[in-house]
Amino acid sequence: MQVLHTVAELRAALAGQTGTAFVPTMGNLHAGHVSLVELARQHGQPVVASIFVNPLQFGAGEDFERYPRTLDADCARLATAGCDIVFAPAVSELYPVPQSFTVQPAASLTQDLDGAFRPGHFSGVATVVLKLFNLVQPRVAVFGKKDYQQLLVIRELVRQFNLPIEIVAGDTLREADGLAMSSRNGYLDTSERIQATLLQRELAAIRAAVLSGERDFETLTTTACRHLKMAGWRVDYVELRDAENLQVPTPVSQQLVVLGAAWLGKTRLIDNLDFALPTRA
Ligand code: PAF
């Protein structure tokens with residue numbers, strides 16, 4: 001496996017490749033990322049993973065500085081997962097001048113949920129992903145469903161800019177107790193770690209209620225918020241949406257997703273569960 005740090009090295013290594021499968025990451029990799037690399041291997045070759053903590057997608061007061069940088073351990077994991085090339089540029093390599101041209105994703109996709117609580121976040125994500133796509137020129141790129149709103153923003157980026165890239169979604173990997181794997185789980189102390197499964201349990205309860213016929217979505221999400229608050233969480237949102245476009249579900253919605261974001265102490269956790277409504281007989 002090659003570990004490359006410059007744009008020139010990356011372009012040279014990928015010259016002439018037409019079947020590249022790409023997994024963009026911010027490093028501090030866990031089994032969830034490994035599963036994305038394994039998924040990428042099924043879709044193309046060479047497999048390229050990027051490791052870049054993108055300053056553009058962090059707001060003031062967010063965790064850009066404390067986001068864990070663990071390049072050596074990440075490379076060891078990627079090598080065992082079957083990655084061929086790691087691209088780990090410095091900030092000055094990817095942003096040699098201040099990035100004054102940026103991608104502004106459609107408000108309809110980013111004005112609420114995480115977009116409402118992290119202004120500018122999806123512009124930062126879309127901008128860096130477009131840059132990385134231009135550098136790697138993959139045939140396929142793999143993104144985790146854990147960041148569900150991000151996945152939809154990237155699908156739309158590819159569609160509206162006519163990028164010849166297939167976006168493949170990887171399922172969220174969970175710890176044995178159901179907690180979605182995330183680099184930010186490492187911020188949790190012992191008692192927060194035990195508490196952390198509550199978000200997923202509340203989302204699962206909403207899914208179960210909807211699947212058994214409940215249609216008062218407002219009451220379901222409000223109840224989940226109340227349970228989280230009673231347990232000491234600070235809730236950003238719990239919402240049930242159409243999984244295709246993240247709009248409020250309509251009577252014709254077939255695929256739904258229940259999404260939540262909430263703070264446990266100083267750590268913001270997000271999670272979601274997507275599911276199909278049973279077709280009516
Ligand atoms: O999901 C992430 O880790 C990041 O948002 C991404 C897609 C690598 C862009 O920085």
Side-chain angles (χ1 to χ4, degrees), residues 24-33 35-36 53-54 57-59 61-64 66-68 105 109-126 128-129 142-155 169-175 177-189 192-207 220-222 224-229 231-243 245-247 256-275:
T25 82
M26 298 204 302
N28 196 234
L29 305 182
H30 47 69
H33 295 106
S35 74
L36 300 182
V53 185
N54 172 34
Q57 71 188 73
F58 288 80
E62 289 191 347
D63 57 345
F64 175 69
R66 79 163 171 152
Y67 201 89
L109 264 185
T110 58
Q111 72 198 352
D112 64 359
L113 304 171
D114 254 41
F117 290 91
R118 304 187 68 189
H121 170 67
F122 288 114
S123 172
V125 168
V128 81
V129 169
V142 179
F143 289 82
K145 281 192 194 175
K146 164 89 184 346
D147 295 295
Y148 197 88
Q149 194 172 12
Q150 168 174 284
L151 173 67
L152 264 56
V153 167
I154 301 300
R155 283 199 192 285
D171 286 331
T172 302
L173 250 64
R174 297 184 179 279
E175 305 289 353
D177 63 0
L179 178 65
M181 289 189 188
S182 164
S183 302
R184 290 187 170 99
N185 293 349
Y187 297 154
L188 301 169
D189 68 24
E192 289 169 344
R193 173 62 190 83
I194 294 165
Q195 264 290 317
T197 57
L198 185 61
L199 178 60
Q200 182 269 340
R201 286 186 278 127
E202 291 298 328
L203 300 183
I206 293 175
R207 177 180 60 184
L220 290 176
T221 53
T222 311
C225 289
R226 197 177 63 243
H227 291 164
L228 286 159
K229 284 177 192 159
W233 295 61
R234 186 155 58 82
V235 182
D236 280 353
Y237 61 85
V238 174
E239 294 283 350
L240 195 74
R241 294 297 171 92
D242 187 311
N245 54 23
L246 288 182
Q247 301 302 307
L256 299 185
V257 57
V258 55
L259 313 101
W263 293 82
L264 204 44
K266 291 194 170 69
T267 307
R268 185 175 188 272
L269 297 177
I270 63 170
D271 201 350
N272 67 80
L273 298 170
D274 62 328
F275 57 100

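On a predicted model such as this, the values are computed, not experimentally measured, just so you know.
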Answer yes if the side chains of Tyr187 and Asp63 hold a donor-acceptor pair under 3.5 Å, and no otherwise. yes
Taking the side chain as every heavy atom from C-beta outward, state whether [X] and [Y] have any atom pair closer than 4.5 Å.
X      : Y      : answer
Val125 : Ile154 : yes
Asn54  : Phe64  : no
Lys266 : Arg66  : yes
Trp233 : Leu269 : yes
Leu113 : Arg241 : yes
Leu259 : Ile270 : no
Tyr237 : Thr221 : no
His121 : Gln149 : no

On a heavy-atom basis, the closest approach of Ala126 and Pro105 is CB-CG, 4.2 Å
Minimal heavy-atom distance between Glu62 and Gln57, with the atoms involved, is OE1-O, 3.9 Å
State plainly whether the residues Asp271 and Arg174 are in salt-bridge range, i.e. N to O under 4.0 Å.
yes
Rounded to the nearest 0.5 Å, what's the gap from [atom1] on [X] to [atom2] on [Y]? Could you check?
X      : Y      : atom1 : atom2 : answer
Asp274 : Lys145 : CG    : NZ    : 4.0 Å
Leu220 : Glu202 : CG    : CD    : 10.5 Å
Glu175 : Arg193 : CD    : CZ    : 5.5 Å
His33  : Asn28  : NE2   : CG    : 8.0 Å
Leu109 : Leu152 : CG    : CG    : 6.0 Å
Leu36  : Leu173 : CG    : CG    : 8.5 Å

Self-check item: Side-chain donor/acceptor of Asp236 to backbone N/O of Gly260, under 3.5 Å
Solution: no
